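Notes for the one structure printed next.
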Number of protein chains: 2
Amino acid sequence: MNKKKKQIIEAAQTLFIKKGFSATPIQDILEAANVSKGTFYNYFSSKTECLMAILSFIKEEVIHDRHQLALGKSSSDKEVFVKQIAARFHIDKKHNLMALFASLASSDTAHQELKEFLNQQYLEEVTWMAERICDVFGAKKQKHAYDDAVTCFGTIHLTSKILMDINKTEIPIEETIYFALGQIERANLHPPFLQADYFLPYHQIKDAGEQDSKIELQQTLTALNSKVDKLKNDKLTYYHHFLLEQLKSENPNLFLMESVMNSYQNALLHTELEDKRKYIQILYTQFMEEKRENS
Amino acid sequence: MNKKKKQIIEAAQTLFIKKGFSATPIQDILEAANVSKGTFYNYFSSKTECLMAILSFIKEEVIHDRHQLALGKSSSDKEVFVKQIAARFHIDKKHNLMALFASLASSDTAHQELKEFLNQQYLEEVTWMAERICDVFGAKKQKHAYDDAVTCFGTIHLTSKILMDINKTEIPIEETIYFALGQIERANLHPPFLQADYFLPYHQIKDAGEQDSKIELQQTLTALNSKVDKLKNDKLTYYHHFLLEQLKSENPNLFLMESVMNSYQNALLHTELEDKRKYIQILYTQFMEEKRENS
DNA sequence: CATTTATTGGACTACAGGTATAAAATAGTT
DNA sequence: AACTATTTTATACCTGTAGTCCAATAAATG
């Protein structure tokens, strides 16, 4: 990454930690990073975008740490699971951004992008947790995996918040996680409440970075073929198959794809396939990033 | 209440609902309330304080509704409990401030007062829920009441948030509450995690308004007699017994009490009794308010 | 060396929350 | 009715914010 951009991100990070996001004026970031305003807005279109970049780094860090923790261990290893959950807290704690991650609302139209970004992150986290609950507790939990993931996640967050507000001591995060797991580690008496397909768009792409997002995107689109055709929307159908053609070819025209994907995304809005939109968007962004890195 | 103040609060409420708190400039409130800036700052020292006033009203509303729901019903009536929980959501929904209530963090030094205010509210809510869980599920849940209250509260909040973010339809709040209750309505396998005395300062005063907060305050202080003496802090001990003397007398000197209570509060800081401080503060404030109303 | 690109730094806009104050309106009292 | 005290208004003002714009400068590139 660019040197200046790195400088900015690092400075912003330390300042956000020390004083909080909205209490940190851009001016302070500029001075700390030894960079001019022009440069800042050359790399980030807004302060919010800068924060999102930081949060993205943290996300990568968490994913990496969790991957490391899993190496050589069974996927049903409970201890590993606990440590993996704790990873987010440790890193957020290190960056002191936990509160920010927990505060998903704020109901401000101004920070719309930030809201969506954080929503994406927390929904991915819940989805991941449901998957891991299946791993760890086996088939008996399969049906209730999302129910229990939500309960677990909710319990962990609220408990750690309470311990922080009341005790003001260091939070015993692993104990808290064990407590939350204990709360779900009992027989479910009722039928499942949350449906698995709500969470379809938030499944993380396995082995990200190593595999080819091109194939993933291709497969996802192909899977939608029949549904798209059924919608009988000429434009949408055209975009869809055009994108698939490009993905099949050796050298896709990236500029054309960029443009068509844009229209495709818009066309997907307000259709039955709207819920798949974001997922496609994510895959596409990954695909483009990989292309850019390779070139 | 003052007419102008009412105008302002009503206007602010509708605007906060429509556009969100920080997206609503004071100017808009002034115009909507047909009031000048000077008047606004005559009644509220800041926009934040105005919001807190609104939230206080909502709290009163919730307490009132819950009281109504309980009339003539057994305290172990589960249906009543569910409706009581839902009351907060219905009212917050009506005022569309649920998101705000849920977003307790934001980590901004600027909104310190707001943060503390919201903390108080959510901790009171959890405490109330623990009490009610005892009522409804009986002795078997007593030990785990706080554990389960946290799990229940966390599950309800996260679930409703997820349903809102993903489904974007109206949240089936009662079903969500039944789900959350189902998540705790099972045998606890582990010893309790959260200690009851964390929540001591957040117990709501029963039958508030009808009974005498003077007696409540007196009892609370008396209960602390031995602990205070044990601390061997001359000043603190003096304040403590002075306040008790005043409370016993027919006509306490309110000005003196105000001053001594202030010092007493400060003296309590950083002692073993720090956790009782807020509770005493609340009782004292109530006591003073009643006095003021009677005069 | 010449051209392109990145960077600077400051001026500038628009808006926010909050203060200050003198004049006008209102309410309360004798 | 007259006087007083309080409330309200209207407006100007201060401080600080995010973000835009742009001409001048520096750095990188072929």
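Residue numbers start from 1 in every chain, and the chains themselves are labelled A, B, ... in the order their sequence lines are given, proteins ahead of strands. Note that the coordinates shown come from a computational prediction; the quantities given were computed from them, not determined experimentally.
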| task | Carefully, step by step, assess A:T39 and A:K5 under the rule side chain to side chain contact (heavy atoms under 4.5 Å, CB included). | result | CA-CA 8 Å; A:T39 309; A:K5 190 171 181 183; over 6 Å; no

Roughly, in whole Å, what's the span from [atom1] in [X] to [atom2] in [N]?
X	N	atom1	atom2	result
A:L15	D:dA18	CG	P	12 Å
A:Q27	C:dC12	CD	P	17 Å
A:F44	D:dA18	CZ	C1'	16 Å
B:E49	C:dG18	CD	C1'	13 Å
A:I26	C:dT8	CD1	C1'	16 Å
B:L51	C:dG17	CG	C1'	15 Å
A:E31	C:dT8	CD	P	13 Å
A:F40	D:dC21	CZ	P	17 Å

| message | Is the distance from the ring center of A:H157 to that of A:Y122 below 6.0 Å? | response | no

Check: [X]/[Y] side-chain N/O donor and acceptor closer than 3.5 Å:
X	Y	result
A:Y41	A:E49	no
A:Q27	A:E31	yes
A:E124	A:Q120	yes
A:Q121	A:Y202	no

| said: What I want to check is whether an N or O donor and acceptor connect the side chain of A:K37 with the base of C:dG10 at under 3.5 Å. | reply: no

| query | Cationic tip of A:K47 within the cone over A:F21's six-membered ring, i.e. under 6.0 Å and within 45° of the normal? | reply |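 The answer is yes; both the distance and angle limits are met.
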
| query | Just checking, B:R88 and B:W128: is the charged tip under 6.0 Å from the six-membered ring centre and within 45° of the axis? | reply | no

Dump the pairs, protein N or O against N or O of nucleotides 4-8 of chain D, anything under 3.5 Å, distances to one decimal.
from: D:dT8; atom 1: OP2; to: B:Y43; atom 2: OH; distance (Å): 2.9

Taking only nitrogen or oxygen atoms into account, show me every contact under 3.5 Å that the protein makes with nucleotides 27-29 of chain D, one pair per line with its distance.
none

| Check against side chain to side chain contact (heavy atoms under 4.5 Å, CB included), B:Y43 and B:I8 | CA-CA 9 Å; B:Y43 289 108; B:I8 296 171; 4.2 Å; yes

| Looking only at side-chain N and O atoms, does A:K47 come under 4.0 Å of OP1 or OP2 in D:dA18? | yes

